[in-house]
Each structure stands twice: as structure tokens, then as C-alpha cells.
Amino acid sequence: MNRTCLSVAIIVGTLAIGSAPHLRAQLAAPGESGVVMGHLHLAVKDLDAHRKFWGALGGTPVQNGALALIQLPGTFVMLRQATPTGGTVGSTINHAGFLVKDIAPWIDKWKAAGLTLEPQVRPTQVYLIGPDDLRVEILEDKTIDAPLKMHHLHFYTASPLEAQAWYAKTFGAVPGKRGQFDAADLPGVNLTFAKAETPTVGTKGRSLDHIGFEVKNLEAFCRKLEAGGLKLDRPYTRLPNSTTAIAFLTDPWGTYIELTENLAPPK
């Protein structure tokens, strides 16, 4: 999220489902590592199409100083106008995943809104294909405390176990399994690692340009990463006239990652 990105981040409209307090829920509380799910940053050709898409998922526009964000329970979405080099499929992140409490009425609303849905194989799962070939998985979970909330990022890599170990070492994600997949958990998100059967490319420049993790005490965290030999693409930077700070890095497989502190609007 460089200064150019920030200046063109777009507020989207909303087609809210459920109560406003749930939709305006903040990010997850940090655990021992201080790292939680933060945001999805998209490169988009058609801003109006993305306003419609994220509005249909209940996205709520919020503002943190100069930062325009789309808030969904457990994450934010930011839009930057650009021509992406491709969609999510074929990149190191095949899709992002959300949970819904009751999938049937959501599907009815998405169809009525003209969204593209892949043919449904299971009654509790559906894939949405958003503008710029952005793939989003939806899973039903009747135990969740909101109509819809962030759930997972699905990585495709030649080395799932190596990726799992890297995210555990770098961010303190807790290794485990999600179904048949190797995975690792951070507060607010499951990182799922699948074996890529064909070569993948990095996310930078694709429709999902980068993912973002919110980090407590970001400056100290960046010093720790650098002391451990990890090279940052952009070092710790405090944004002008703001309490928000950022840094960037790229994982060994090409996933572009932004680290933020104080991304969420003040309560």
C-alpha cells in the first residue's frame, strides 16, 4: 500500500445483510505473535463492478483518516484502479474464503444481484467469480456469530509443507490441517496450502495484488524479521499525518504481503 495506492483506495457501496454491529466488527484480537488477518488489496479495472460485488457480500464503507476501506467481519478490502495481469487462479493464492451462517438466502441475493456463481457441487459450498476473475469461496457454518465472516486464504504452491513451515516461523501461524490440506492458523484466518499441479505466479499485479496482516508493534516486528535475515521489499514506514504504519515483503513463492499497524478505524 504505497502512497499512490492509498490515494486511490475506493469506498464501495453496500448491500448489507444482517445487523450493523456484526458487519462493523473489528479485526481479530492478536495472539502471542501479534499477527492477525488484516486486508485484501485488489487491482481492479472496473470500480463500479467491484462496488457491486463487495456490496453484495455485505461490505461496509469505512474511513481511517485518508484510508478508504471496505469492512467485512474479520477483514478489510481495498481497491486500486489498474489493469490486472490475471485473476487469482494461476497465482499463488487461488482464492479467498468466507463463511456464511445460512448459505441459501445469500445465494438467492447473489443471483438476484447478477453475480457469477460456479456450478454448485455441495449444498453448503459455492464459488463466486468476481470482476477481474477474482475467485471467492463461500462455506456455510451455522455456528458463526455473524451472517458472513473472513475464513481462509487458499495458497497453491509446489511445496505445501515448506510454505506451512515458513508462515509458522515468520508470522507465528499454528500448523495443522484443514480437511485434507496442510494449513496454519492466525487469528482471523486459516492459511490453507494445496499442491499446485502446474506452475503458479506471484500475486503482485494480479487481481488480488497482495494480502495484508495487521501486526501489533510493527516496528519491532520488522526489526525481528530483518535480524533473522528476511529482506523487506519496503521497510517499516509511518504514513504521514497518521498513526498507521506499513511494510512489505514477498514470501518465497511470490505472494506479496503487506504488514500494517492501526489499519482499522479507531473505535
Identify the heavy atoms of [X] and [Y] that sit nearest to each other, and give their distance.
X: Thr237; Y: Pro235; result: OG1-O, 2.9 Å
X: Phe76; Y: Gln71; result: CE2-OE1, 2.7 Å
X: Pro175; Y: Ala168; result: CG-CB, 3.9 Å
X: Thr244; Y: Arg238; result: O-CD, 3.4 Å
X: Arg206; Y: Pro84; result: C-CB, 3.7 Å
X: Ala196; Y: Tyr156; result: CB-C, 3.9 Å

If you measure from [atom1] on [X] to [atom2] on [Y], what distance do you get to the nearest 0.5 Å?
X: Thr260; Y: Leu27; atom1: OG1; atom2: CG; answer: 7.5 Å
X: Asp141; Y: Thr143; atom1: CG; atom2: OG1; answer: 3.5 Å
X: Trp253; Y: Glu162; atom1: CH2; atom2: CD; answer: 6.0 Å
X: His50; Y: Asp132; atom1: NE2; atom2: CG; answer: 4.0 Å
X: Asn262; Y: Leu218; atom1: CG; atom2: CG; answer: 9.5 Å
X: Ile246; Y: Leu263; atom1: CD1; atom2: CG; answer: 10.0 Å

Discussion item. Do Arg135 and Tyr127 form a cation-pi contact, if we require the NZ or CZ to be under 6.0 Å from the six-membered ring centre and within 45 degrees of the ring's axis?
Written reply: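 Here Arg135 passes the 6.0 Å and 45° test against Tyr127.
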Flag yes if [X] and [Y] sit in one hydrophobic cluster, no otherwise; membership is Ile, Leu, Val, Met, Phe, Trp, Tyr, and two members link when side-chain heavy atoms are under 4.5 Å apart.
X: Leu115; Y: Leu79; value: yes
X: Val215; Y: Tyr236; value: yes
X: Val89; Y: Ile129; value: no
X: Val100; Y: Leu117; value: yes
X: Ile70; Y: Leu47; value: yes

Discussion item. Would you say that more than 12 heavy atoms from the other residues, nucleotides or ligands in this model lie under 6.0 Å from the CG of Asn241, or not?
Written reply: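 Count not over threshold, so no.
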Fill in: Pair Lys177 + Asp182: basic N to acidic O under 4.0 Å
yes
Is the shortest side-chain heavy-atom distance between [X] and [Y] below 4.5 Å?
X: Phe221; Y: Glu261; answer: no
X: Leu259; Y: Phe171; answer: yes
X: Leu72; Y: Met150; answer: no
X: Pro265; Y: Val62; answer: yes
X: Val44; Y: Ser207; answer: no
X: Trp166; Y: Leu230; answer: yes
X: Leu208; Y: Leu134; answer: yes
X: Leu225; Y: Thr170; answer: yes

Worksheet item: Only one of Ile211, Leu191, Thr88 forms a side-chain contact (heavy atoms from CB on, under 4.5 Å) with Ile93, so which one is it?
Response: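 Exactly one candidate clears the test, Ile211.
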Within the distance-only criterion (no hydrogens, no angle test), does the side chain of [X] pair as donor or acceptor with the backbone N or O of [Y] below 3.5 angstrom?
X: Thr203; Y: Asp209; answer: yes
X: Ser33; Y: Gly31; answer: no
X: Lys195; Y: Ser159; answer: no
X: Lys101; Y: Ile144; answer: yes
X: Asn190; Y: His151; answer: no

Discussion item. I'd like to know whether His95 forms a side-chain contact (heavy atoms from CB on, under 4.5 Å) with Val136, so could you lay out the CA-CA distance, the side-chain angles of the two residues, the decisive distance to 0.1 Å, and finally the verdict.
Written reply: CA-CA 5 Å; His95 61 270; Val136 176; 5.9 Å; no
Worksheet item: How are the rings of His41 and His39 set relative to one another: parallel (under 30°), tilted (30 to 60°) or perpendicular (over 60°)?
Response: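 His41 and His39: perpendicular rings.
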Item to complete: If the plane angle is over 60° it's perpendicular, under 30° parallel, otherwise tilted; pick one for Trp110 and Trp106.
Response: tilted
Worksheet item: So Leu186 and Met37, side-chain contact (heavy atoms from CB on, under 4.5 Å) or not? Walk me through it.
Response: CA-CA 7 Å; Leu186 286 169; Met37 181 61 200; over 6 Å; no
Item to complete: Examine the side chains of Glu137 and His152 and answer whether a donor and an acceptor come within less than 3.5 Å of each other.
Response: yes
Worksheet item: In terms of side-chain heavy atoms, does Arg178 have a donor or acceptor partner in Thr192 at a distance below 3.5 Å?
Response: yes
Discussion item. Can you confirm if the aromatic rings of His210 and Tyr256 lie within a centre distance of less than 6.0 Å?
Written reply: yes
Item to complete: Starting from the C-alpha separation in whole Å, work towards a yes-or-no answer on side-chain contact (heavy atoms from CB on, under 4.5 Å) for Glu118 and Val126.
Response: CA-CA 7 Å; Glu118 290 185 4; Val126 71; 5.9 Å; no
Worksheet item: Taking it one step at a time, do Ile107 and Gln120 satisfy side-chain contact (heavy atoms from CB on, under 4.5 Å)?
Response: CA-CA 10 Å; Ile107 288 176; Gln120 203 170 355; 3.5 Å; yes
